[in-house]
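Comments concern the structure below.
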Amino acid sequence: MTDIEKPTNFIQQVISADLDAGRVDSVVTRFPPEPNGYLHIGHAKSICLNFGLAQQFGGVCNLRFDDTNPEKEDDEYVQAIIEDVRWLGFDWAGEPKFASDYFAQLYSWAQHLIREGKAYICELNAEQMREYRGTLTEVGKNSPYRERLVEESLELLEQMKIGAVDEGTMTLRAKIDMQSPNINMRDPVMYRIKKMAHHRTGDTWNIYPSYDFAHGQEDAIEGVTHSVCTLEFAANRPLYEWFTNNLPLPSTPHQYEFGRLNLNYTVTSKRKLKQLVDENHVDGWDDPRMPTISGLRRRGVTSAAVREFCDSLAVAKTDGIVDLAQFEHFIRDDLNETARRAMCVLNPLKITLSNYEEGKEELLSAAGHPNRDDLPARQLPFGREIYIDHSDFSEDTSLSRKKFKRLVIGDYVRLRGASVIRADQVIRDSHDQIIEIVGSYVPDTVGENPPEGIRPRGVIHWVSATNSVDCDLYLYENLFTEAAPDAGEGSFIDHLNPQSLKIVKNCKAELGLGDAVVGQQYQFEREGYYCLDGKHSSAEKLVFNRTINLR
RNA sequence: UGGGGCGUGGCCAAGUGGUUAAGGCACCGGGUUUUGAUCCCGGCAUCGGAGGUUCGAAUCCUCCCGCCCCAGCCA
């Protein structure tokens with residue numbers, strides 16, 4: 001596509017070096033979401049990175065669900081994530097993987113560490129454990145259970161596993177260093193008791209491995225060579241390495257961290273997105289205002305646009321906030337190329353062309369796209385009565401041609417794909433509101449320049465008043481009024497934009513839009529990009545979502 | 001404050017001692033245009049600060065300043 005060589009990021013450099021030095025034979029990456037929510041644009045960056053890396057180096061990428069905490073996880077999320085990754089255009093190696101598939105293996109590795117004297121059952125409760133852990137500036141102190149006998153720990157772990165121990169009373173901990181300046185190394189928890197059914201393993205287990213005890217081992221089992229995660233896990237890397245170094249693993253993966261994506265005027269935290277859904281601030285996870293993959297899809301954003309955007313992002317260790325305008329650029333860029341053109345009048349104002357034969361209707365042909373002839377042409381019914389948008393007419397005839405390239409009394413304008421017309425007279429109702437314009441058309445100007453002396457001020461869109469389809473338009477704005485909804489005091493909820501959804505009813509769309517299908521993008525010329533909403537649209541009522549306006 | 005990480009134009013960034021300091025977004029001019037769209041042309045920084053090393057530093061050293069992450073039996 002582009003002949004400009006893209007600079008390589010630091011992870012690509014590491015992989016190249018590993019390949020060159022023979023440290024790895026082929027690349028294996030993974031995208032490891034926890035199925036506790038829907039994927040969002042931030043995940044898209046990680047997905048494009050991980051699957052992209054595998055593609056670039058001829059390796060493979062796994063989709064792995066990190067389902068180590070049954071508390072917040074659900075199969076609903078598993079299915080949604082699978083759909084979203086597919087929609088983004090990626091395919092994983094083999095079947096999706098699950099951390100829960102490795103629970104038995106993890107358990108025996110835990111026993112291994114106990115036997116090696118590197119793990120123990122601790123009976124400190126949560127509060128005590130916090131006290132013993134120390135703080136950022138003070139070292140911690142050893143748990144009184146730290147030197148428990150191996151056999152005893154082994155037996156207690158088994159008791160925990162079968163459900164004979166109460167939640168919160170015991171944990172399995174790695175015996176590392178309570179004096180470590182890295183708090184993550186102060187005897188971290190490997191297993192905690194949760195007498196809770198797991199969405200895949202049911203009630204087989206009463207204990208579940210912690211993220212730290214699970215992640216590196218999952219990577220090792222799958223032969224992941226480069227385990228790429230976000231910056232906040234950097235402090236966990238020594239622990240990741242401690243486990244991979246102290247366990248008899250089938251391979252030794254390595255962790256690399258990059259900066260997660262932050263976008264202004266939106267939130268990208270599963271917790272906050274879930275709150276928006278749970279408190280009904282939005283119409284579900286796939287509300288078109290949500291930065292979720294499903295929301296973007298419903299909004300009409302193409303997966304190509306998401307991919308292009310993600311590829312434009314730097315993979316580095318800086319944590320900046322990307323301007324929403326950058327994402328919007330890629331959305332428009334793709335839609336401009338792919339969206340079919342159509343016309344829709346949001347705020348209809350009737351124009352009667354007095355010199356056009358009454359009862360006559362002709363079919364005009366318009367291009368499906370200005371510079372693509374592979375898209376089918378459209379048929380536009382044209383007659384004596386048409387609609388234009390109210391905002392395309394002004395009574396102020398002093399407006400300069402340059403400033404107002406639309407219709408004014410006594411002047412001409414080109415109807416897109418049709419004739420040049422002139423406005424002659426304004427008709428008002430009893431409240432002095434303009435309800436109709438009487439005008440005239442210039443014969444033989446369809447696809448032809450008007451005669452000398454007639455200079456249209458501009459080109460406006462229109463639709464037949466007698467042969468069109470009605471529809472409602474959902475216009476979306478940013479969900480938040482603040483660039484950084486999370487910043488400052490108060491809740492991000494306080495910064496919700498009350499104007500984020502505006503519904504415009506009874507719009508007039510060109511006839512062909514009656515056959516619009518979900519998943520097809522349209523550009524309503526001079527208005528913006530739209531798509532049929534799968535949730536609100538029905539046979540009787542067409543509903544279109546505005547993906548984004550034109551610049 | 002202990003540990004880890006990061007600071008290049010309004011935003012995202014490339015840059016790994018010698019280049020006129022890439023590119024994209026945004027913005028501002030101008031041209032084309034039956035979408036005030038697209039497209040095209042042009043404009044737009046001395047690199048957090050201060051010292052130092054060097055013939056030469058955004059790139060190396062020192063000190064300072066600022067921001068982010070870690071004190072869940074979350075991930």
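Naming: A, B, ... by sequence-line order, numbering from 1 per chain. Predicted model, so just to flag it, every value in this text is computed and none were measured. Only this structure's heavy atoms are used, side chains among them; waters, hydrogens and symmetry mates stay out.
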Base, sugar-phosphate alone, or nothing: which one does [X] contact when heavy atoms must sit under 4.0 Å apart?
X: A:Gly168; answer: base
X: A:Thr445; answer: base
X: A:Ser180; answer: nothing
X: A:Met343; answer: nothing
X: A:Phe327; answer: nothing
X: A:Arg416; answer: base
X: A:Glu448; answer: base
X: A:Val446; answer: base
X: A:Leu136; answer: base
X: A:Gly259; answer: nothing
X: A:Asn449; answer: nothing
X: A:Pro33; answer: nothing
X: A:Leu124; answer: base
X: A:Lys270; answer: nothing

Measuring only the [atom1] atom in each nucleotide, how far is [N] from [M]? A whole number of Å is fine.
N: B:G49; M: B:C55; atom1: C1'; answer: 26 Å
N: B:A75; M: B:C61; atom1: C1'; answer: 40 Å
N: B:G56; M: B:A21; atom1: C1'; answer: 16 Å
N: B:G9; M: B:G4; atom1: P; answer: 27 Å
N: B:A71; M: B:A13; atom1: C1'; answer: 34 Å
N: B:U1; M: B:C65; atom1: P; answer: 9 Å
N: B:A58; M: B:C39; atom1: P; answer: 36 Å
N: B:A45; M: B:G24; atom1: P; answer: 15 Å

Would you check if there is a donor-acceptor pair between the side chains of A:Glu158 and A:Tyr107 at a distance under 3.5 Å?
yes
Pairing donors with acceptors under 3.5 angstrom, does anything connect the side chains of A:Asn182 and A:Ser180?
no
Closest listed nucleotide, where the reference is the side chain of [X] and the choices are [options]:
X: A:Lys317; options: B:C39, B:U34, B:C6; value: B:C6
X: A:Arg414; options: B:A37, B:U34, B:C70; value: B:U34
X: A:Phe330; options: B:G24, B:G36, B:G72; value: B:G24
X: A:Asn125; options: B:A75, B:C73, B:A71; value: B:C73
X: A:Tyr211; options: B:A75, B:A71, B:C74; value: B:A75
X: A:Ala314; options: B:G72, B:G24, B:A13; value: B:A13
X: A:Pro181; options: B:G2, B:U38, B:A75; value: B:G2
X: A:Ala325; options: B:C25, B:A22, B:A75; value: B:C25
X: A:Asp323; options: B:A14, B:A71, B:C11; value: B:C11
X: A:Thr318; options: B:G36, B:G15, B:A13; value: B:A13

Once hydrogens and angles are ignored, does a donor-acceptor distance under 3.5 Å link the base of [N] to the side chain of [X]?
X: A:Arg341; N: B:U35; answer: yes
X: A:Gln13; N: B:U16; answer: yes
X: A:Gln523; N: B:U35; answer: yes
X: A:Arg130; N: B:G72; answer: no
X: A:Arg526; N: B:U35; answer: no

Under 6.0 Å between ring centres: does that hold for [X] and [Y]?
X: A:Phe524; Y: A:Phe544; value: yes
X: A:Trp462; Y: A:Phe382; value: yes
X: A:Tyr145; Y: A:Tyr120; value: no
X: A:Tyr530; Y: A:Tyr522; value: no

Does B:G7 sit syn or anti, given that only angles within 90° of 0 count as syn?
anti
For A:Lys194 and B:C74, is the shortest distance between a side-chain N/O and OP1 or OP2 below 4.0 Å?
yes
Starting from [atom2] on [N], measure out to [atom1] on [X] and report it in whole angstrom.
X: A:Tyr256; N: B:G5; atom1: OH; atom2: P; value: 15 Å
X: A:Asp334; N: B:G24; atom1: CG; atom2: C1'; value: 17 Å
X: A:Asn371; N: B:U34; atom1: CG; atom2: C1'; value: 14 Å

For the salt bridge (charged side-chain N to carboxylate O under 4.0 Å, His left out) test, which of A:Lys118, A:Arg146, A:Lys175 pairs with A:Asp187?
A:Arg146
Would you say the side chain of A:Leu157 lies within less than 4.5 Å of the side chain of A:Ile207, judging by non-hydrogen atoms?
yes
With side chain to side chain donor-acceptor pair (under 3.5 Å) as the test, pick out the partner of A:Asp66 among A:Arg30, A:Lys97, A:His215.
A:His215
Give a yes or no answer on whether the side chain of A:Lys317 reaches the backbone of A:Glu257 with a donor-acceptor pair at less than 3.5 Å.
yes
Can you list the stems that include RNA chain B, where a stem is three or more consecutive Watson-Crick or G-U pairs with distances under 3.5 Å?
B:2-7 with B:65-70, B:10-12 with B:23-25, B:27-31 with B:39-43, B:48-52 with B:60-64
Derivation of the salt bridge (Lys or Arg N to Asp or Glu O under 4.0 Å) call for A:Arg378 and A:Glu525
CA-CA 13 Å; A:Arg378 303 172 275 147; A:Glu525 292 186 295; 3.7 Å; yes
